[in-house]
Structure formats: structure tokens, C-alpha cells
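Encoded as C-alpha cells, the structure appears first; notes follow it.
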Amino acid sequence: MQRADQLIGQSFGDLARYAGVEVPTSMRHAKGWAGQLIELYLGATAGSKQQQDFPTLGVELKTIPVSPDAKPLETTYVCITPLLGLNGVTWQQSNVRNKLQQVLWIPVDGRREIPIAERTVGIPILWQPSPEEDQLLRQDWEEISEQIILGQVESLTARFGTALQLRPKAADGSRLTDAVGTHGELIKTRPRGYYLRKEFTQQILLQGLQQRLQAGLTF
DNA sequence: TATTGATCATCG
DNA sequence: CGATGATCAATA
């Protein structure tokens, strides 16, 4: 948290200069750039390991683009959605729950209308789901998982789910993976991922900020 | 114009 | 290939 607090107010221009990396003109071909730069500063292990960013702390790092009034501009990717082998898997054992046990949220200015170099880092929030939040996520996860098990993947759209939604997650639309079909047969479908809705993330950031303010601002 | 569905870059 | 980090952009 001390390391994260040191990033408050720093611009990506500054951070990139210290790191010796170029600032992209647009995120179009550099999606994930901001997140990886922050990973570097916080000492998170890079790579594509299916693990938390800080394994010994049990902390997952998430960089979230926000508007000037601190509202998330994007949904938050959680993890790949298993489409097979879900029988008997409980919420407690799920990938989603494990990922979200503890998250360090780093809000960053996500306004596309200003140059990336000028965008700054906001106040970090260390979050653990409350019983209510856990219940909300659990309900969505269980309903989505049930549909997947029943072979209804294709009818699950991003409109489903209160806090958690299912959306395609792949390099492009031609990528296919195995799933269960309507009649229990094996079918090919676009890989899916779990994402947190913006409204859910917004509440986390808001409550987290209020807590930090109550605790006294000692950055 | 907000959201869903699509996409980009990189790594092991 | 599927995981990581996410944002883009067509369209409802």
C-alpha cells in the first residue's frame, strides 16, 4: 500500500520516463500498457501465470480507467470462464472467487481525450468482498455456471448477471474452444471471460475511498 | 451514447 | 493455445 500510495498523482509520462519505455499515442495497439507499467512499479511478477499478482500477499492487482468523477470507464476482466468440467464445482472453489478474494484497485485517469502521458494515477483501494458483495457475485456465478453446465452457453449474453457478466474473451472471433451443447454434445464456441460490471466496481471504489478518508489521509 | 461483443499485444 | 494485461468500436 505504501508503494501504491507513492504513485498517487504521478502521470504516465513520468512513470514511463523512469521506466525507460515509450508512451503510446493510443491504447488501441497497447491495451494493458498502463496496467503493466503499474505492475512494474509495484513489483508484481509479470507474465501470464494463472496466479495472483502478489501470491504471498494473496493480492490481485487491477488497474481501472476512471472518469474525472471516479466512475469506471470499463468493465473489469476477472478470468477465463471454464466451459467444461463445472459439474460439482462450488463457488468457494471457483476461479472467480479466488481471484477476487483481495484486490488492489488502482484507478487511473482513463479519458481518451487527453494524451496518455498526461493521465495520472488515483488513490489505490485495497478491497476484500463484503459478505453482501460475495453473495452477489456468488449468485451470478452460480446462475451462469448452471447455464453453462446445461449447455446454454450460446444463450448467455452479457446482459445476464448483476455484478458479474460473461463476454467473449479471445484474440478474435474466429477462436473457438470446447463447450457443452444443448443436447449434451461437445460444441465449439468462442472462449468467454468473466467481467465485473462498472456499477459494481464503482461501489467498491466509492466505499473504499470513504474508508480511506475516515481512516485519515496519510499517503 | 452506453453497452455488448470484438479485438490487441505479449508470454510460457 | 490459453493465459495475462486490458481497450476498442459497432450497434442497439
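Below, each value reflects all heavy atoms present in this structure, side chains not excepted, and no hydrogens, waters or symmetry copies. Convention: sequence-line order gives letters A, B, ...; per-chain numbering from 1.
- Within 4.0 Å (heavy atoms only), A:Asn95 reaches no atom of the nucleic acid at all.
- If you check B:dT4, B:dA6, C:dC1 against the side chain of A:Arg175, the one that comes closest is C:dC1.
- Side-chain contact of A:Arg167 with A:Thr75: a donor-acceptor pair under 3.5 Å is present, judged by distance alone.
- A salt bridge links A:Arg212 with A:Asp5: the distance from a Lys NZ or Arg NE/NH1/NH2 to an Asp or Glu carboxylate oxygen falls below 4.0 Å.
- Take the nearest nucleotide of DNA chain C for A:Thr177 and for A:Glu60: the residue whose nucleotide is more 5' is A:Thr177.
- At its two ends the helix from B:dT1-C:dA12 to B:dG12-C:dC1 runs along axes set 30° apart, each axis drawn from five pairs and the angle rounded to 10°.
- Note on A:Lys62: only backbone sugar-phosphate atoms sit closer than 4.0 angstrom, heavy atoms only; bases stay farther off.
- When each of A:Thr162, A:Leu164, A:Leu136 is tested with A:Phe200 by the rule side chain to side chain contact (heavy atoms under 4.5 Å, CB included), just one qualifies, namely A:Leu136.
- Within the 4.0 angstrom heavy-atom criterion, no nucleotide atom of any strand lies near A:Arg192.
- Phosphate contact (OP1/OP2 of B:dT4, side-chain N/O of A:Gln165, threshold under 4.0 Å): present.
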Letter by letter from the 5' end, nucleotides 7-12 of chain C scores (B base, S sugar-phosphate only, - none; protein heavy atoms under 4.0 Å) BBS---

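- For a distance-only test at 3.5 Å, the side chain of A:Lys169 qualifies as a donor-acceptor partner of the base of C:dG5.
- We find that A:Glu133 and A:Arg97 are not joined by a salt bridge, their nearest charged nitrogen and carboxylate oxygen being 4.0 Å or further apart.
- Classification of A:Lys71 and A:Glu199 as a salt-bridged pair fails, no side-chain N sitting under 4.0 Å from a carboxylate O.
- OP1 or OP2 of C:dT4 sits under 4.0 Å from a side-chain N or O of A:Lys99.
- For the ring-ring contact (aromatic ring centres under 6.0 Å, His included) condition, the pairs that include at least one residue of residues 5-35 of chain A, sequence neighbours left out, are A:Phe12-A:Trp33.
- Inspection of the A:Gln152 and A:Ser155 side chains reveals an N or O donor paired with an N or O acceptor under 3.5 Å.
- Using a 3.5 Å distance cut-off with no hydrogens or angles, the side chains of A:Arg192 and A:Thr189 do pair a donor with an acceptor.
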